[in-house]
Amino acid sequence: MLDSVIAVGAEDEDNLRAGYSNFGDGLDIMTPGGYRLGITTVDTGKDGYALAEFPNRFAGTSAAAPLVAASIALMLEANPFLSKDTVYSILTESADKIGNIPYEGGWNAYYGFGKINIDRAISRTLKTK
C-alpha cells in the first residue's frame with residue numbers, strides 16, 4: 001500500500017462489489033464498474049478495449065479507476081489548493097456506504113470507505129476555500 005495511490009474497487013448495478021473487483025486491506029473507494037452500467041469510452045477499439053459504440057464492454061476496475069481520477073480533477077477545479085491528504089479525506093468521508101457488510105470506523109475490506117459521491121465531495125471541497 002502506497003499513500004500516494006488511491007485503490008479503487010468496482011461496484012455493480014446493485015451497489016455491490018463486482019465479483020471481479022479486488023478487495024482487502026488496501027481498498028479505499030468504490031465506483032461504478034459493472035458490466036451492465038453502460039459506462040462509455042472514447043477508446044478507438046485498439047489494444048483490446050471496446051469501441052465506444054459498445055459501452056457495456058468497457059467495465060471493471062479499468063472503468064472504475066478513471067471515474068475517481070475525473071472526480072479528483074473536478075475537486076481540484078473547484079479548489080486547486082487542496083492537498084493530496086485533503087483530497088483523500090474528502091473522497092473517503094463523503095462516500096456512500098453501500099453493500100451488505102458492516103463498516104467499522106467507516107471502512108471495510110470489501111467496500112473500502114464506500115462508493116464515491118462526487119456531489120457531496122464537491123460540496124465539501126467548496127467549503128474548504
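Nothing fancy with the numbering, it's 1 onward along the sequence. Not measured: the values here are computed from a predicted model.
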Pair Lys115 + Glu11, salt bridge at N-O below 4.0 Å: yes
Rounded to the nearest 0.5 Å, how far does OG of Ser21 lie from OH of Tyr111? 9.5 Å
Transitive ILVMFWY side-chain link Phe23 to Ile29, under 4.5 Å: no
Closest heavy-atom pair, Ile101 versus Asn108, reported as atoms and distance to 0.1 Å, is O-ND2, 3.1 Å
Rounded to the nearest 0.5 Å, what separation is found between the CG atom of Asn117 and the OG1 atom of Thr31? 12.5 Å
Locate the shortest heavy-atom distance separating Ala121 from Met75; write the atom from each residue and the value. CB-SD, 4.2 Å
Value for OG1 (Thr125) from CZ (Phe81), rounded to nearest 0.5 Å, stands at 14.0 Å
Transitive ILVMFWY side-chain link Leu126 to Ile116, under 4.5 Å: yes
Are Phe113 and Tyr110 connected in a single hydrophobic cluster, I mean Ile/Leu/Val/Met/Phe/Trp/Tyr linked by side-chain heavy atoms less than 4.5 Å apart? no
dist Thr86:OG1 -> Glu93:CD (nearest 0.5 Å) comes out at 9.5 Å
Side chain to side chain, Lys84 and Asp3, heavy atoms closer than 4.5 Å: yes
Basic-acidic side-chain contact under 4.0 Å: Asp96, Arg120: yes
Is Tyr88 linked to Ile122 within one hydrophobic cluster, defined over Ile, Leu, Val, Met, Phe, Trp and Tyr using a side-chain heavy-atom separation of less than 4.5 Å? yes
How close do Asp28 and Thr92 get, heavy atom to heavy atom, and via which atoms? O-CG2, 4.4 Å
Residue pair Ala95 / Gly114: nearest heavy atoms and the distance that separates them: CB-C, 3.9 Å
Count I, L, V, M, F, W, Y as connected when their side-chain heavy atoms are under 4.5 Å apart, and connections chain through other members. Are Leu67 and Leu74 then in the same cluster? no
Write down the atom of Ala7, the atom of Gly26, and the distance for their closest heavy-atom approach. CB-O, 3.1 Å
What pairs with Thr128 under side chain to side chain donor-acceptor pair (under 3.5 Å), at least two apart in sequence or on another chain? Asn79
Tyr103 side chain to Gly112 backbone, donor-acceptor under 3.5 Å: no
CD1 of Ile90 to OG of Ser83, rounded to nearest 0.5 Å, is 8.5 Å
What's the spacing between Ser94 OG and Asp119 CG if we round to 0.5 Å? 9.5 Å
